[in-house]
Amino acid sequence: MTFSKKLLIWYKKYGRKNLPWQLNRNAYTVWVSEIMLQQTQVKTVIPYYEKFMQSFADVNALANAHEDDVLHHWSGLGYYARARNLHKAAQQVRDEHCGLFPLNFDDVLALPGVGRSTAGAVLAQAEGQRHAILDGNVKRVLSRFHAVHGWTGQKKIQDQLWLFAEMHTPEKQLADYTQAIMDLGATLCRRSRPDCESCPLSDDCAALATQQVALLPTPKPKKTLPVKTVRMLLLRNDKKQILLEKRPPTGIWGGLWSLPEMPVIESVKDWCNTHYQFDINASDELPVVRHTFSHFHLDITPCVVEVNNPDQSVMEAERRVWYKACKNDRGSKAESQSLGLAAPVSSLLNRLNEE
DNA sequence: AAGTCGGGGAC
DNA sequence: GTCCCAGACTT
């Protein structure tokens, strides 16, 4: 059985058929509901839709209203450009289509605030015209059904999903099919805890077959993290011990032991002299190590420094310790169980120890 | 391709 | 707190 046929059978039993905009359905009511439902959940929209329709019963009433009045009805819904566009579009219908909501795809698409998916949804639901839709629900259903990996905002992925959407769109029962695929996405093929047991498409779902339902759709990539840089000093005494410092209790690596840090821009020799009263001859930079936190990258420039007069540093004894990195029984991992080390510090000490 | 608009729900 | 939601528009 085809995708659409299974979906339509399921819809007949379990689909939503009494939403406010499904009663007395016409292009205007469907259009208003579709705009309100952009990036907004059904439950939130319902009271707004009912009040809006009471005040603006048809497209001409909306066109002739004051923008402030339209915006007042939108207050609290968010994305207020939707309301301004809705009002402008109603005037466009009044002025360019003789007050009759257009039933031609390109004309609907030309209305401000109406994109490809919304235009398709309006004409499919109100007029039974054959158009595919691709909203958040459909993207989720199709990316799982076809195991499409990649963020759905990417053009390549979006094009692929539109092809699948077109492919599955039936020739008849467009209103029901359009509602059905959205209902499936909203009620069973949810973002979290999808109910695959109850899904009419589970037999052919590629994501389910390969245990990838939870991985799809691929989440939006996180925005580029800011990069901070720091130099970490591997201060080494004549016993080949490294100076560690205890971090403050709050903040990054709170309470853990770490290496002394200093700005990359400043002189190592001056810094050691000023902050530690250490006399050093030379220092040796190691390759930069990137450590990533949830909110930034930390590029660490490790710098090995041989200290000539380590005895000078007896200040703040509780916060500083000369530490001898050694290998434990398991091999390469440093013996650090007794001392809480920040992860990249542990890694650096290992590297130094292996040389 | 990335940024913007937004209040609210799920977790 | 984060992520996302029946997207479209601008830069």
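Keep in mind the model is a prediction, meaning the values are calculated, not measured. Any value given below was found using the heavy atoms of this structure, including those in side chains, with hydrogens, waters and symmetry copies removed. Protein chains get the first letters and strands the later ones, always in sequence-line order, with residue 1 at the start of each.
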No-H, no-angle donor-acceptor pair, A:Arg16 side chain to C:dA6 base, under 3.5 Å: yes
Touch class at under 4.0 angstrom, heavy-atom based, for A:Gln125 against every strand present: nothing
Donor-acceptor pair under 3.5 Å, A:Thr40 side chain vs B:dG8 base: no
Touch class at under 4.0 angstrom, heavy-atom based, for A:Trp31 against every strand present: nothing
For atom CD1 of A:Ile35 and atom C1' of B:dG6, their distance in whole Å: 16 Å
DNA chain B: 5'-proximal contact among A:Gly76 and A:Arg193 (nearest heavy atom): A:Gly76
Selection from C:dA6, C:dC4, B:dG8 that lies nearest to any side-chain heavy atom of A:Lys220: C:dC4
Closest-nucleotide ordering on DNA chain C, the 5'-leading residue of A:Leu37 and A:Leu111: A:Leu37
Proximal nucleotide (of B:dG6, B:dG9, C:dC4) relative to the A:Thr44 side chain: B:dG9
Euclidean distance, atom CD1 of residue A:Ile46 to atom P of B:dG9 [Å, nearest integer]: 13 Å
Sugar-phosphate, base or nothing in reach of A:Val138, heavy atoms under 4.0 Å: nothing
Pairwise 5' ranking along DNA chain B for A:Ala81 and A:Trp151, keeping only the more 5' one: A:Trp151
Nearest-Å distance for atom pair OH/P, residues A:Tyr80 and B:dG6: 7 Å
C:dA6 OP1/OP2 closer than 4.0 Å to side-chain N/O of A:Gln38: no
Rounded distance in Å - NZ (A:Lys155) to C1' (C:dA8): 15 Å
Geometric class of the A:Trp322/A:Phe278 ring pair [parallel <30°, tilted 30-60°, perpendicular >60°]: tilted
Side-chain H-bond candidate by donor/acceptor type, A:Gln92 with A:His97, under 3.5 Å: no
Integer-rounded Å distance: C:dA8 C1' and A:Arg116 CZ: 14 Å
Spacing of A:Arg84 atom CZ relative to B:dT4 atom C1', expressed in whole Å: 12 Å
Touch class at under 4.0 angstrom, heavy-atom based, for A:Leu77 against every strand present: base
Side-chain donor-acceptor pair present, A:Asn137, A:Arg140, cut-off under 3.5 Å: yes
Closest approach of A:Arg94 to A:Ala63 (non-hydrogen atoms, all atoms of both residues): NH1-O, 3.4 Å
For atom CD of A:Gln158 and atom C1' of C:dG7, their distance in whole Å: 9 Å
Distance, rounded to the nearest Å, where A:Arg82 contributes CZ and C:dA6 contributes C1': 10 Å
Phosphate OP1/OP2 of C:dC5 contacted by A:Arg140 side-chain N/O (<4.0 Å): yes
P atoms of B:dG6 and C:dT11, separation to the nearest Å: 15 Å
Any side-chain heavy-atom pair of A:His146 and A:Met167 under 4.5 Å: yes
Any donor-acceptor N or O pair under 3.5 Å, side chains A:Thr118, A:Gln38: yes
Ring centre gap for A:His73 and A:Tyr48 strictly below 6.0 Å: no
Touch class at under 4.0 angstrom, heavy-atom based, for A:Leu19 against every strand present: base
Sugar-phosphate only, base, or nothing, as touched by A:Ser192 at under 4.0 Å among non-hydrogen atoms: sugar-phosphate
Candidates B:dG8, B:dG6, C:dC3 - which lies nearest the side chain of A:Arg191: C:dC3
Pairwise P distance, C:dA6 and B:dA1 [rounded to whole Å]: 24 Å
Candidates C:dA8, C:dC5, C:dC4 - which lies nearest the side chain of A:Thr118: C:dA8
